[in-house]
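Order of appearance sets the numbers: ligands from 1, and atoms from 1 within every ligand. Computed from a predicted structure; not experimentally measured.
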Amino acid sequence: MADTEAFIKKYAVDRSGTNSLKWDALNERYGDPDLLAMWVADMEFKVPEQVTAALTKRVAHGVYGYSFTPDSYYDAYFSWQKRRHNIDLQKDWLRFDNGVVNSLYGIVNTFTQPDDAVLILTPVYYPFHNAVLDNHRKLVTSELVNQDGHYEIDFADVERKIVTENVKLFIQCSPHNPVGRIWSADELQQILEICKRHNVLVVSDEIHQDIEVGTKKFVSALSVAKGAFQNNLIVVTAPSKTFNVACLLNSHVIIPNPKIRQRYDAGKTRFNETEISVLGQVAAEAAYTYGDKWLDQILQIVRDNYTYLRRELTTKVPGIKIADLEGTYLTWLDLRQVVPAGLTKEFIQEDCHLAVDYGQWFGKRDEGFVRLNLATNPKLVHKAVANIVAGLTKLQADHTSID
Ligand SMILES: Cc1ncc(COP(=O)(O)O)c(C=O)c1O
């Protein structure tokens, strides 16, 4: 506890006035600059001090011309993957990009044709929908099954849709934003087998891989059945969620199969001839080398924030449902039993004074759900929870007086 307090004192920061999307675009995005910002998946914590030191040193050099990735970067990244997740990577499998969403767009473009069907499991991070629709591909969704806040894959539905819709590509979110699942090896094996059986290429977005907040360990699609599915797989990852460096624009595309890699490389020459981000790689190398303890502290803060939010809301607001949080720092609240249908936005902004991600951004049927970011100063989580409790008390009083 004392450790956590010292960490918060050292690393927590007020981001307003820094062109932060989360804090400084509230008026533009929500029409109210005074909301408490609980949206956007980044953190109110400074990066590990060794990362700041490495960046400062590099910046002091004063030249940021074209650069290549040094061997020390591969060593740091591979060593991180091995010690945190027991994943063995090879240098020739790895490509760099300027963001995971960018890679998803590129992969959809390269590996499918216009009108081809692409499958996602909903509710899911909204750029998954956009990467398919913006590229004029056919979006096929399979709803995750919500069992009282614990989400499961409907494997029979997935297979049926793959066959009837002639799906070419499946985009997996693992761990799953926004429902907080870390898929087990068994679940991953089932879905990877279905895809293999029907010749569906799998892209596994593992950007949240390091954010293990429950008791489950993250399993990469690369490791399932001792690597048996690597030939049908592209994995995308980045240091951006783990180390709060999203705008340094450095991400990874891992492709074990040489034929898929060749197609990926050919696709990239057509529409994405970008360079590496030199500052992004300096930051990531330092983070992968020195960032374990910093990350462990962040994970503890997210766990504590989640435990607090869950305890307070379930005791003070019976009827609210909170999804189990195994992975990611995002909590998914089901307000459908406590807020009248269609009034969630009004309730959240006008009564609770919060900026959140709304359920319908993630899935057509998810109005009534909201996503809150817990990678933040506990005092902000306490405030958000107090606002929700007060908002619901007011809502119930308003309804009682109307009745
Ligand atoms: C599942 C998932 N993929 C990708 C991203 C964004 O990645 P990037 O900023 O590298 O494009 C996020 C951000 O929240 C995410 O949750």
Side-chain angles (χ1 to χ4, degrees), residues 20-22 25 29 37-44 47 77 94-109 118-132 134-135 141 144 151 169-183 188 202-213 218 220-221 234-254 272 274 276-277 279-281 283-284 287 298 302 323 325-332 355-359 361-363 366 370-376:
S20 142
L21 179 65
K22 191 183 202 168
R29 297 297 176 100
M38 301 300 288
W39 65 306
V40 183
D42 60 18
M43 310 184 194
E44 276 61 66
V47 297
Y77 178 52
L94 187 59
R95 299 291 181 268
F96 296 100
D97 203 345
N98 303 127
V100 162
V101 170
N102 201 39
S103 303
L104 294 179
Y105 272 73
I107 290 164
V108 167
N109 249 297
V118 180
L119 175 74
I120 59 176
L121 306 182
T122 51
V124 75
Y125 180 56
Y126 29 92
F128 280 32
H129 304 241
N130 301 342
V132 178
D134 289 346
N135 282 307
T141 59
L144 294 169
Y151 282 78
L169 180 73
F170 166 53
I171 311 177
Q172 162 91 330
C173 194
S174 173
H176 196 105
N177 169 9
V179 304
R181 279 299 316 277
I182 287 186
W183 305 115
L188 290 170
V202 178
V203 186
S204 185
D205 178 343
E206 303 186 353
I207 196 168
H208 294 278
Q209 64 178 171
D210 299 313
I211 318 297
E212 299 162 306
V213 288
F218 163 76
S220 172
I234 301 178
V235 170
V236 284
T237 71
S240 47
K241 298 295 131 187
T242 309
F243 292 110
N244 204 19
V245 289
C247 256
L248 289 178
L249 303 179
N250 171 52
S251 64
H252 306 123
V253 182
I254 300 162
N272 191 4
T274 51
I276 58 153
S277 159
L279 293 182
Q281 294 203 344
I298 293 282
V302 175
L325 188 60
E326 298 171 348
T328 82
Y329 49 66
L330 308 160
T331 184
W332 182 239
V356 303
D357 290 58
Y358 291 110
W361 298 355
F362 300 87
D366 293 281
V370 293
R371 192 195 78 175
L372 270 69
N373 181 345
L374 298 177
T376 194

- Item | Any donor-acceptor pair under 3.5 Å from Lys22 side chain to Asp42 backbone | yes
- ligand 1 atoms in contact with His208 (distance to a heavy atom under 4.0 Å): 1 (C), 15 (C), 16 (O)
- Task: May I ask whether Cys173 places a heavy atom under 4.0 Å from ligand 1?
- Result: yes
- Message: Run the side-chain contact (heavy atoms from CB on, under 4.5 Å) test on Val370 and Met38 for me, step by step, so that the C-alpha distance in whole Å, both residues' side-chain angles and the decisive distance to 0.1 Å come before the verdict.
- Response: CA-CA 10 Å; Val370 293; Met38 301 300 288; over 6 Å; no
- Tell me: protein heavy atom nearest atom 11 (O) of ligand 1, and distance? Val101 N, 3.0 Å
- Query: Would you say the side chains of Tyr77 and Thr237 form a donor-acceptor pair under 3.5 Å?
  - Reply: yes
- Is ligand 1 under 4.0 Å from a heavy atom in the side chain of Ala41, in the backbone, in both, or in neither? side chain
- Task: Report, in ascending order of atom number, the atoms of ligand 1 lying under 4.0 Å from any heavy atom of Gly99.
- Result: 10 (O), 11 (O)
- What do you reckon, does Lys241 have a nitrogen or oxygen under 3.5 Å from a nitrogen or oxygen of ligand 1? yes
- Short version for Ile207: what comes under 4.0 Å of ligand 1, heavy atoms counted, is side chain
- Looking at atom 6 (C) of ligand 1, what's its closest protein heavy atom, distance included? Tyr125 OH, 3.3 Å
- Message: Could you work out, for atom 3 (N) of ligand 1, the closest of Val245, Asn250, Asp205 by heavy-atom distance?
- Response: Asp205
- Message: Between Tyr126 and Asp357, do the side chains contain a donor N or O and an acceptor N or O under 3.5 Å apart?
- Response: yes
- So is Asn177 polar-close to ligand 1, meaning N/O to N/O under 3.5 Å? yes
- Item | With sequence neighbours excluded, residues passing side-chain contact (heavy atoms from CB on, under 4.5 Å) with Ala131 | Leu104, Tyr105, Val108
- Query: Would you say the ring centroid of His176 lies under 6.0 angstrom from that of Tyr151?
  - Reply: no
- Message: Less than 4.5 Å apart, side chain to side chain, heavy atoms only: is that true for Arg181 and Leu144?
- Response: no
- Message: Side chain, backbone, both or neither: which applies to Val100 and ligand 1 if a contact is any heavy-atom pair less than 4.0 Å apart?
- Response: both
- Note on the structure: Here the pair of heavy atoms bringing Pro175 nearest to Thr328 is CB-CG2, 4.1 Å
